[in-house]
Amino acid sequence: MDALQKFSLAGKTVLITGASSGIGEHLARLAAQAGALVVLGARRIERLEKIAQDIQWLGGEALAVALDVTDRSSVEAAFHAAEAHFGVVEVVLNNAGVGNGRRALEISEDEWRAMLSTNLDGVWRVAQCAAQRLVKAGRGGSIVNVASILGLRVGNGYSHYCAAKAGVVQLTKSLALELARHQIRVNAIAPGYFKTEMNDAYFDCDKGQAYIRDAVPMRRLGLRQELDGPFLLLASEAGSFMTGEVMAVDGGHLLSTL
Ligand code: NAI
């Protein structure tokens, strides 16, 4: 296999959570271009069906499945549907997440629980379900978790989000340790700031734009396609000896001066 072919996802079943918008939608389209049999999972099934049709129209393979990462039976059903349609899921992009800010003094019990339930419990649930099915099938695979630079450093108004994403970082490393013997690799991408439905109002306003200019050494937001290389590396055979890695893609934001 030549070096570039190693980045191919040809024939692999790839399940992407939170694929109805933003980073998940973008990387689902990329995975299809890389030859994957793509399973798009999220709660908004009509949006997923439209994206799946687009992918098919362009010659790719895609299936839309209803998926709520906070619900075990929904996760199991999505994997079951994926397997029945395309075969065992070999690559997972654990991307579903929510990101509403709230001052630490004002977070309610329900808000705390909702954040952890989606951004940490959901990642664990999907990763465990994927790994159990891979081990049962005697197959290796790759799980790519979407953490955040806020899992590695902190920011005002995001204590619940930071705690959940830091949990994703440690979960990634712990699962990598336990699953390596099963040929299952577990890595994470830690994005800096990318404009998506989660944050577009902030980055469209003067305050948000000034923040990016001041805090990010590259003085700009990330472009979704700047996640393509890191995702393909971790998902494909190109990253075959990488596990437990947390890869920041942030224009140098983690390095910003203190
Ligand atoms: P987004 O809001 O466009 O995408 C999040 C997706 O997750 C949506 O499709 C949403 O419907 C889905 N989702 C939420 N709860 C779900 C649930 N219970 N079950 C299934 N799907 C659910 O935002 P974006 O930016 O694309 O976020 C993707 C991931 O990237 C998230 O994990 C987020 O925390 C992370 N991230 C984003 C950054 C950014 O600057 N946009 C920075 C760092 C991390």
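Values in this document were obtained by computation on a predicted structure and should not be read as measured data. Whatever order the structure lists them in is the order used to number ligands and atoms, beginning at 1.
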Checklist entry - Atoms of ligand 1 less than 4.0 Å from Gly22 heavy atoms? => result 3 (O), 26 (O)

Checklist entry - Has ligand 1 got any nitrogen or oxygen that is less than 3.5 angstrom from a nitrogen or oxygen of Tyr193? => result no

Next on the checklist: Return the closest protein heavy atom for atom 37 (C) of ligand 1 as residue, atom name and distance.
Outcome noted: Ile23 CD1, 3.9 Å

Checklist entry - What residue and heavy atom of the protein are closest to atom 13 (N) of ligand 1, and at what distance? => result Arg43 NH2, 3.7 Å

Checklist entry - Would you call the rings of Trp112 and His160 parallel, tilted or perpendicular, where under 30° means parallel and over 60° means perpendicular? => result parallel

Checklist entry - Just heavy atoms, cut-off under 4.0 Å: does Asp68 contact ligand 1 by side chain, backbone, both, or neither? => result both

Checklist entry - Can you list the ligand 1 atoms lying under 4.0 Å from a non-hydrogen atom of Asn199? => result 39 (C), 40 (O), 41 (N)

Checklist entry - Are Asp71 and Arg125 within salt-bridge range, i.e. N to O under 4.0 Å? => result no

Checklist entry - In the protein, which heavy atom is nearest to atom 28 (C) of ligand 1, and how far is it? => result Asn95 OD1, 3.0 Å

Next on the checklist: If you measure every N or O of Val69 against every N or O of ligand 1, does any of those distances drop under 3.5 Å?
Outcome noted: yes

Next on the checklist: Counting non-hydrogen protein atoms only, what is the nearest one to atom 10 (C) of ligand 1? Give residue, atom name and distance.
Outcome noted: Arg44 NH2, 4.0 Å

Checklist entry - Is Asn119 reaching over with its side chain to a backbone N or O of Ala164, donor-acceptor style, under 3.5 angstrom? => result no

Item to check | Residue-ligand contact Arg47/ligand 1, heavy atom below 4.0 Å | outcome: no

Checklist entry - Are Glu76 and Arg72 close enough for a salt bridge, meaning some N to O gap below 4.0 Å? => result yes

Next on the checklist: With respect to Asn119, determine whether any N or O atom, backbone or side chain, lies less than 3.5 Å from an N or O atom of ligand 1.
Outcome noted: no

Item to check | Ligand-side contact atoms (ligand 1) for residue partner Ala147, heavy atom cut-off under 4.0 Å | outcome: 44 (C)

Next on the checklist: Once salt bridge (charged side-chain N to carboxylate O under 4.0 Å, His left out) is applied, do any residues pair with Glu197, and if so which ones, sequence neighbours excluded?
Outcome noted: Arg44, Arg47

Next on the checklist: I'd like to check Tyr161 versus Leu116 (side-chain heavy atoms, cut-off strictly below 4.5 Å). Are they in contact?
Outcome noted: no

Checklist entry - Can you find a pair of side-chain heavy atoms, one from Arg220 and one from Val216, that are under 4.5 Å apart? => result no

Checklist outcome for this item: Taking only non-hydrogen atoms of Met198 and a 4.0 Å limit, the atoms of ligand 1 in range are 2 (O), 23 (O), 27 (O), 31 (C), 33 (C), 34 (O)

Item to check | Polar proximity ligand 1 side, Phe194 side, N/O cut 3.5 Å exclusive | outcome: yes

Checklist outcome for this item: Among Pro191, Gly97, Ser20, closest by heavy atom to atom 5 (C) of ligand 1 is Gly97

Checklist entry - Would you call Ser74 a ligand 1 contact, heavy-atom distance under 4.0 Å? => result no

Next on the checklist: Check this for me, if you would: do Arg219 and Asp214 make a salt bridge, where the nitrogen-to-carboxylate-oxygen distance has to be below 4.0 angstrom?
Outcome noted: no

Checklist entry - ligand 1 and Gly24, any nitrogen or oxygen pair closer than 3.5 angstrom? => result no

Checklist entry - Heavy atoms, side chains only, cut-off 4.5 Å: are Leu234 and Ile189 in contact? => result yes

Checklist entry - With atoms numbered from 1 as shown, which atoms in ligand 1 lie under 4.0 angstrom from a non-hydrogen atom of Val146? => result 29 (C), 30 (O), 35 (C)

Next on the checklist: Under a 4.0 angstrom heavy-atom cut-off, which atoms of ligand 1 come close to Leu67?
Outcome noted: 19 (N), 20 (C)

Checklist outcome for this item: Closest heavy-atom pair, Asn187 versus Met242, reported as atoms and distance to 0.1 Å, is ND2-O, 3.1 Å

Next on the checklist: Tell me whether ligand 1 is touched by Thr118 - counting only heavy atoms on the residue side and a distance under 4.0 Å.
Outcome noted: yes

Checklist entry - Got the closest protein heavy atom to atom 24 (P) of ligand 1, with its distance? => result Thr196 OG1, 3.4 Å

Item to check | Leu67 vs Thr17 side-chain heavy atoms within contact, under 4.5 Å | outcome: yes

Checklist entry - Considering only the protein, which heavy-atom contact is closest to atom 12 (C) of ligand 1, and what is its distance? => result Gly18 CA, 3.6 Å

Checklist entry - Given Ser21, Gly192, Ala42, Ala96, which one has a non-hydrogen atom that is nearest to atom 22 (C) of ligand 1? => result Ala96

Checklist entry - Which ligand 1 atoms are under 4.0 Å away from a heavy-atom of Tyr161? => result 33 (C), 34 (O), 35 (C), 36 (N), 43 (C), 44 (C)

Next on the checklist: For the backbone of Asp68 and the side chain of Ser74, can you confirm whether one donor and one acceptor N or O come within less than 3.5 Å of each other?
Outcome noted: yes

Next on the checklist: Between Thr243 (side chain only) and Val186 (backbone N and O only), is there a donor and an acceptor less than 3.5 Å apart?
Outcome noted: yes

Item to check | ligand 1 versus Glu25: contacting region, heavy-atom distance under 4.0 Å | outcome: neither

Item to check | Arg113 bridged to Glu109 by N-O distance under 4.0 Å | outcome: no

Item to check | Flag side-chain contact, heavy atom, 4.5 Å: Phe79 against Val92 | outcome: yes

